[in-house]
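Reading through the structure tokens given below for one structure.
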Amino acid sequence: MVSWKNFDELASYKKLQDVPKVCVKEVMSGENGAKRVNDYSIDMSNGLSFNYAARPVDEKVVEVLAELAKEQQLTEKYAALYNGEMINTGEKRLVLHQLTRGQLGDDVMADGVNKRDFYVSQQEKIKVFANKVHSGEICNAKGEKFTTVVQIGIGGSDLGPRAMYIALENWAIANKTLKMNAKFISNVDPDDATAVLGSIDVAHSLFVLVSKSGTTLETLTNEAFVKDALKNAGLDASKHMVAVTSETSPLANNPEYLDSFYMDDYIGGRYSSTSAVGGCVLSLAFGPEVFEAFLKGAHDGDVAATNPDIKANAAMMDALIGVYERNVLGYGCQAVLPYSQALSRFPAHLQQLDMESNGKSVNRFGEPVNYVTGPVIFGEPGTNGQHSFYQLLHQGTNITPLQFVGFRNNQTGNDVVIKGSTSQQKLCANVVAQIMAFACGKDDDNRNKYFAGGRPSSIIIGEQLTPEALGAILAHFENKVMFQGFVWNLNSFDQEGVQLGKVLATKVLAGDTDGALAAYAKLLNI
């Protein structure tokens, strides 16, 4: 039986404040640093490893973090989640995104059905549909194959699937599994839809409308934009559109769509890349087999997160170190820095995943907490970021923990040797150099050239960014966020913070305004 306690009620909370602090610069210098790099590493699934040598912990800190994990029952709470307990207290819902990629525990029954069977049935339905599109059995009015798929959605219906598509596009080209190009329309700004529609041949395009409720304002506005473009091209929109929605929405079994694929209320948008929300567009783009490999990687990551030993559980270790940095060391941000251009949109996805989940000031019972919770997340791929905000990270007044991701090999096998090394070697040289530069700094009499060091980081290392590796990395971060929410006693699975602005926007459009709201509306000619 699990008990839900605030973080500051725990004995390990006080103990964590008192444990001696670790100087990253000291422990990473010289031969001790070399030994530490080898010792402070956890094997993940799918050839990945999580190295936390440059984070501000030692065996004493890790020992207390292990006590925290046990006292706050992280393993037991994870098991409660995947076994179907009602974890989303704000909306009184189960939390089942892990079940979309595999079963970790008991059968979960809800809505009168076995939910694992439901998710598999939708994956199979998407597989059949995608294969028919690829074979030309489902085609446009002229009997020609669709060549482009366009996802229309916002928030989790865009950020995750878009990040995953970009992450695998070059891999799929190199491995000859790219079936269709994918585009994404998300912003209600008409320039977004105009730009996408102007870059494609609408006659050979299939549109995937994603809205759980079937009433999302931005998504339905963009759908109308697309339908107008199809009509202007003399095309029947119902032959070019499918819906990903709930079984009770107005989009379900609607003759205006070629087909409908279903999600449910137990998977939040930011956790939905492994559901039909990601499954439809990714299966159409890469083929169902690639999506299945992605799911396998995510399931492997979920299995790894069940290990109660934090020294063998990368997601839990990452989460607990992050809590220590946030609540004891006072670091307010974390930078996500993938040294892979394929992961260029991954930081944007993690912004939503982390900040929408744990950006809370009340606990799971709606009571205010007396400690800080989720950090601000930002990032860009290396080496681009080095020529941008790394200045502040190296020499600014605030210390920001860094999460690097790097791969020994690129996705395409295409490279060139310049001045004795390949581009991939140069990329990898930059990431290891940055880890050490941040950790150890540089002494210099010229204060402009002085680097204090002591800037913590960790790195996830893999052989290559494959579908399986991508799935495992996604699961790592999802489970990290989950564990941190458990530590802070938050409900990481609702997002009331996004609702107020939507309500006010609806009032503005209805002309139901007064005071400053009316004045701002007038400034923008609404």
Side-chain angles (χ1 to χ4, degrees), residues 41-52 75 78 81-82 97-104 119 123 159-161 163-172 175 177 267 270-275 278-279 282-283 286 288-307 309-319 321-322 336-340 342-347 349-350 353-354 379 381 403-411 431 458-484:
S41 185
I42 299 174
D43 287 337
M44 300 166 63
S45 61
N46 294 284
L48 298 163
S49 63
F50 172 69
N51 191 291
Y52 59 103
T75 298
Y78 183 26
L81 182 150
Y82 61 68
H97 54 277
Q98 278 94 351
L99 204 56
T100 63
R101 54 248 198 168
Q103 191 159 334
L104 294 169
Y119 298 137
Q123 290 163 10
L159 286 165
M164 302 310 137
Y165 172 77
I166 292 170
L168 294 178
E169 184 178 24
N170 278 337
W171 179 90
N175 288 274
T177 66
I267 300 171
R270 58 196 177 278
Y271 295 97
S272 65
S273 291
T274 54
S275 75
L282 297 178
S283 294
F286 304 131
E289 295 76 18
V290 172
F291 182 66
E292 288 166 4
F294 170 64
L295 293 180
K296 178 187 178 300
H299 180 61
D300 291 342
D302 291 338
V303 171
T306 65
N307 196 320
D309 179 4
I310 70 168
K311 290 186 177 181
N313 186 330
M316 190 181 290
M317 179 66 83
D318 197 5
I321 295 174
V336 180
L337 309 169
Y339 275 62
S340 167
L343 293 175
S344 60
R345 288 297 289 171
F346 203 71
H349 170 57
L350 294 186
L353 173 65
D354 202 314
Q403 177 63 71
F404 293 102
V405 183
F407 301 93
R408 297 181 185 94
N409 300 295
N410 65 28
Q411 288 185 308
V431 70
S458 52
I459 181 169
I460 294 173
I461 301 171
E463 287 297 326
Q464 186 186 52
L465 184 56
T466 62
E468 293 90 344
L470 179 65
I473 291 169
L474 176 69
H476 171 92
F477 284 102
E478 288 180 347
N479 292 321
K480 171 194 170 183
V481 167
M482 173 193 71
F483 285 133
Q484 288 186 332

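All residue numbers in this chain count up from 1 along the given sequence. Because only heavy atoms are used, hydrogens play no part in the values below, and waters and symmetry mates are left out as well, while side chains stay in.
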- Message: Taking the side chain as everything from C-beta on, heavy atoms only, tell me whether Leu470 gets closer than 4.5 Å to Leu465.
- Response: yes

- Set of side chain to side chain donor-acceptor pair (under 3.5 Å) partners for Asn175, sequence neighbours left out: none

- Any salt bridge between Arg408 and Glu463, counting N to O under 4.0 Å? yes

- Query: With sequence neighbours left out, what residues match Gln123 under side chain to side chain donor-acceptor pair (under 3.5 Å)?
  - Reply: none

- Query: Side chains of Ile461 and Phe407: closer than 4.5 Å at any heavy-atom pair?
  - Reply: no

- Partner residues of Tyr78 under the ring-ring contact (aromatic ring centres under 6.0 Å, His included) criterion, sequence neighbours left out: Tyr82, Phe483

- For Val290, check side chain to side chain contact (heavy atoms under 4.5 Å, CB included) against everything at least two apart and list the hits. Leu168, Trp171, Thr177, Phe286, Pro467

- Message: Between Thr306 and Thr75, does the side-chain contact (heavy atoms from CB on, under 4.5 Å) criterion hold? Intermediate values first, please.
- Response: CA-CA 6 Å; Thr306 65; Thr75 298; 5.8 Å; no

- Residues which pass salt bridge (Lys or Arg N to Asp or Glu O under 4.0 Å) with Arg270, listed by chain and number, not counting sequence neighbours: Glu356

- Note on the structure: Rounded to the nearest 0.5 angstrom, the CD-OH distance for Gln98 and Tyr119 is 10.5 Å

- How long is the span from the OH atom in Tyr339 to the CD1 atom in Ile460, to the nearest 0.5 Å? 15.0 Å

- Residues which pass side chain to side chain contact (heavy atoms under 4.5 Å, CB included) with Ile42, listed by chain and number, not counting sequence neighbours: Phe50, Tyr52, Ala314, Met317

- Passes side-chain contact (heavy atoms from CB on, under 4.5 Å), Ile459 versus Val431? Steps please. CA-CA 9 Å; Ile459 181 169; Val431 70; 4.0 Å; yes

- Flag side-chain contact, heavy atom, 4.5 Å: Ser340 against Pro381: no

- Considering only heavy atoms from C-beta outward, does the side chain of Asp318 approach that of His476 to under 4.5 Å? yes

- Task: Determine the minimum heavy-atom distance between Ala472 and Asn46, stating which atoms define it.
- Result: CB-ND2, 3.9 Å

- Message: Quick check: closest heavy atoms across Met316 and Ile310, and the distance to 0.1 Å?
- Response: SD-CG2, 3.3 Å

- Item | For Ser275 against Ile267, the heavy-atom pair lying closest together | CB-CD1, 4.1 Å

- Item | Residues which pass ring-ring contact (aromatic ring centres under 6.0 Å, His included) with Phe477, listed by chain and number, not counting sequence neighbours | Phe346

- Of all residues at least two apart in sequence or in a different chain, which pass the side chain to side chain donor-acceptor pair (under 3.5 Å) check with Thr274? Thr100, Arg101

- Item | Gln403 to Ser458 - nearest heavy-atom pair and separation | OE1-OG, 2.9 Å

- Query: Side chains of Ser273 and Met164: closer than 4.5 Å at any heavy-atom pair?
  - Reply: yes

- Item | ring-ring contact (aromatic ring centres under 6.0 Å, His included) partners for His97, two or more places apart | Tyr271

- Contacts of Glu292 meeting salt bridge (Lys or Arg N to Asp or Glu O under 4.0 Å) (sequence neighbours excluded), chain-then-number -> Lys127

- Message: Checking Ile166 now: which residues fulfil side chain to side chain contact (heavy atoms under 4.5 Å, CB included) with it, not counting sequence neighbours?
- Response: Arg162, Ser344, Arg345

- Nearest non-hydrogen partners of Ser49 and Met44, listed with the distance: C-SD, 3.7 Å

- Item | Verdict with supporting geometry, Ile473 and Leu48, side-chain contact (heavy atoms from CB on, under 4.5 Å) | CA-CA 8 Å; Ile473 291 169; Leu48 298 163; 3.7 Å; yes

- Message: Run the side-chain contact (heavy atoms from CB on, under 4.5 Å) test on Met482 and Leu81 for me, step by step, so that the C-alpha distance in whole Å, both residues' side-chain angles and the decisive distance to 0.1 Å come before the verdict.
- Response: CA-CA 10 Å; Met482 173 193 71; Leu81 182 150; 3.9 Å; yes

- Check Ala167 against Leu343 and note the closest heavy-atom contact, atom names and distance. CB-CD2, 4.0 Å

- Task: Check side chain to side chain contact (heavy atoms under 4.5 Å, CB included) between Gln484 and all other residues, then give those that pass, not counting sequence neighbours.
- Result: Ala319, Val323, Asp354, Asn358, Lys480, Trp488

